[in-house]
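Just below is one structure, and these are the notes that go with it.
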Amino acid sequence: MRIGKIAPALVLALAAAATTACGGGDTSSSAPKELVYWASNQGTSLDNDKAVLQPELDKFEKASGIKVKLEVVPWTDLLNRILAATTSGKGPDVLNIGNTWSASLQATGAFLPFDDAALEKVGGKSRFLGPSLAATGASGQPPVGVPLYGQAYGLYYNKKLFSEAGITKPPATWEELVEDGKKLTKPDKGQWGLSLQAGQVTENSHHAAILGAQQGAQFFTPEGKPQLASDPSVAAVQQFVDLMQKDKIVNPANAEYADTAKSLKDLSDGKAAMFMNQASAGSFKNIGMDMANLGVAPIPLPATAPPGGRKVSSFVAGINMSVFKGTKNPDAALDFVKFMVSAPEQALLNKTYGSLPTVQDAYSDAAFQTEDVKVFQNVLANSAEPMPQVPQESQFETLIGTAIKGMFADVAAGKPVDGAKIRDQLTQADQQIAAGS
């Protein structure tokens, strides 16, 4: 998932101010039921999403008599608009949320809890994949939504560039990734070993979480106290920034890459040999990538695990579908959610976007039996862990992602980033999160 900025402490402040007046559907007795749906941008553009989703909404209306008014919201705006809706009462009935926001949004009290009864209305808890369902809210509380699109991170690579460099297989360890990256980096030819969305706050935070787990970092104590400035966290951020700074396998221009499409195109065009990203075969196909040249493997682990290091190559990524508690059409909203997580819709939508179904009965579709999809399925099932399920998670993503964005900007400008600088930035993040708790 990808998110926009959130002001420190805003999520917790909203918990006391949340209202139950949300919901934009028509409720007059003489009018047919109508829902407002905010969809997140999953495709190559907002118009692409409208083209994908509108026929499905029309199909739902024909079957149910419930009209759904669609608005696709960019990731840069989505979180702030959701937070504004929790206080203003002016928002949609149903919406998509990044699953890493689940605990933060749960703390506002503005969303319908998916207790056992609500889960039964959308098909039952047992249909959903366990890892995806685990990223729907704080432990011990009813979920704040249900999984809609499943995602995991992998290492995409350009097979043609690998072959030309005499590399016969994707890297199996982090050290091999760096070594292969150096062989594949030819700045004079405009070719780099790895592309990074180094200017995107959310992607930076995601990679910090993955590498942090590999280094043994725990960003919060069991009591929810932030501890971003730990030795393992510092080591993980240093490891990530050094891909550009020390290893020099990332183009310094990537410090300004805030758009996923740029990294996708670099790999497709042969300007980069590798790219760590969520499952995105559909997007590669849409931009004209020669799919025969596209390979994917898990993000590699260190050859020797650091003390406390965990075998994590992704966080449990994905998109959840939530309902505002104040919707005036709760039954219609749950009917719509049930439609969207039905096996036929799960197969169609996830096939189109290149993501993973979140319900087990959708995997019988042949599109999810390919070797590439099986890589992501295996990662999601065996080497992924949820982002911190704490109310401050959104602040964590924004603060650590913004700090890393600044570090990459420094590296691109020739300013060194060492452990002391990283620790100072993470200590400031700890202080800001603690001040908002």
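We count residues from 1, following the sequence as given.
Using cut-offs of 30° and 60° for the angle between ring planes, the Phe396 and Phe220 rings count as perpendicular. Classification of the Phe315-Tyr153 ring pair by plane angle, with boundaries at 30° and 60°, yields tilted.
The 12-atom threshold is exceeded at NZ of Lys374, counting heavy atoms of other residues, nucleotides or ligands nearer than 6.0 Å. More than 12 non-hydrogen atoms from other residues, nucleotides or ligands lie less than 6.0 angstrom from NZ of Lys159. When the shell of 6.0 Å around CD of Glu256 is examined, it contains 12 or fewer heavy atoms from other residues, nucleotides or ligands.
Ring-centre distance between Phe368 and Tyr363: below the 6.0 Å cut-off.
Atom-to-atom distance recorded for Ser283:OG and Leu264:CG is 6.0 Å, nearest 0.5 angstrom. For the atom pair OG1 of Thr100 and CD of Gln389, the computed distance is 8.5 Å after rounding to the nearest 0.5 Å. Note that CE of Met274 and OH of Tyr157 are 11.0 Å apart. Values are rounded to the nearest 0.5 Å.
No hydrogens or angles considered: a donor-acceptor pair under 3.5 Å links the side chains of Gln197 and Thr260. Side chains of Asp49 and Asn41: a donor-acceptor N/O pair is present below 3.5 angstrom, by distance only. In this structure, a donor-acceptor pair under 3.5 Å is absent between the side chains of Ser263 and Asn277. A side-chain N or O of Ser40 and one of Gln42 form a donor-acceptor pair less than 3.5 Å apart. Side-chain contact check for Asp424 and Gln428: at least one donor-acceptor pair (N or O, by modelled atom type) lies under 3.5 Å. Residues Gln245 and Asp242 have side chains that bring a donor and an acceptor to within less than 3.5 angstrom of each other.
Using a 4.5 Å cut-off on side-chain heavy atoms (C-beta onward), Val146 and Thr136 make no contact. Looking only at side-chain heavy atoms (C-beta outward), Met244 and Trp192 stay at 4.5 Å or farther from each other.
Salt-bridge formation is not detected for the pair Asp290/Lys160: no Lys NZ or Arg NE/NH1/NH2 atom is positioned less than 4.0 Å from an Asp or Glu carboxylate oxygen. Between Glu164 and Lys186 there is no salt bridge, since no side-chain N of the basic residue sits under 4.0 Å from a carboxylate O of the acidic one.
No donor-acceptor distance shorter than 3.5 angstrom exists from the side chain of Asn320 to the backbone of Gly137, with no hydrogens or angles considered. Of the possible polar contacts, one joining the Asn350 side chain to the Gln346 backbone as a donor-acceptor pair under 3.5 Å is found. Counting only distance, with no hydrogens or angles, the side chain of Ser233 and the backbone of Leu228 share a donor-acceptor pair below 3.5 Å. A donor-acceptor pair is defined here as one N or O able to donate and one able to accept, closer than 3.5 Å; such a pair exists between the side chain of Ser205 and the backbone of Thr202.
Between Tyr149 and Thr358, the shortest heavy-atom distance links the atoms C-CG2, 3.6 Å.
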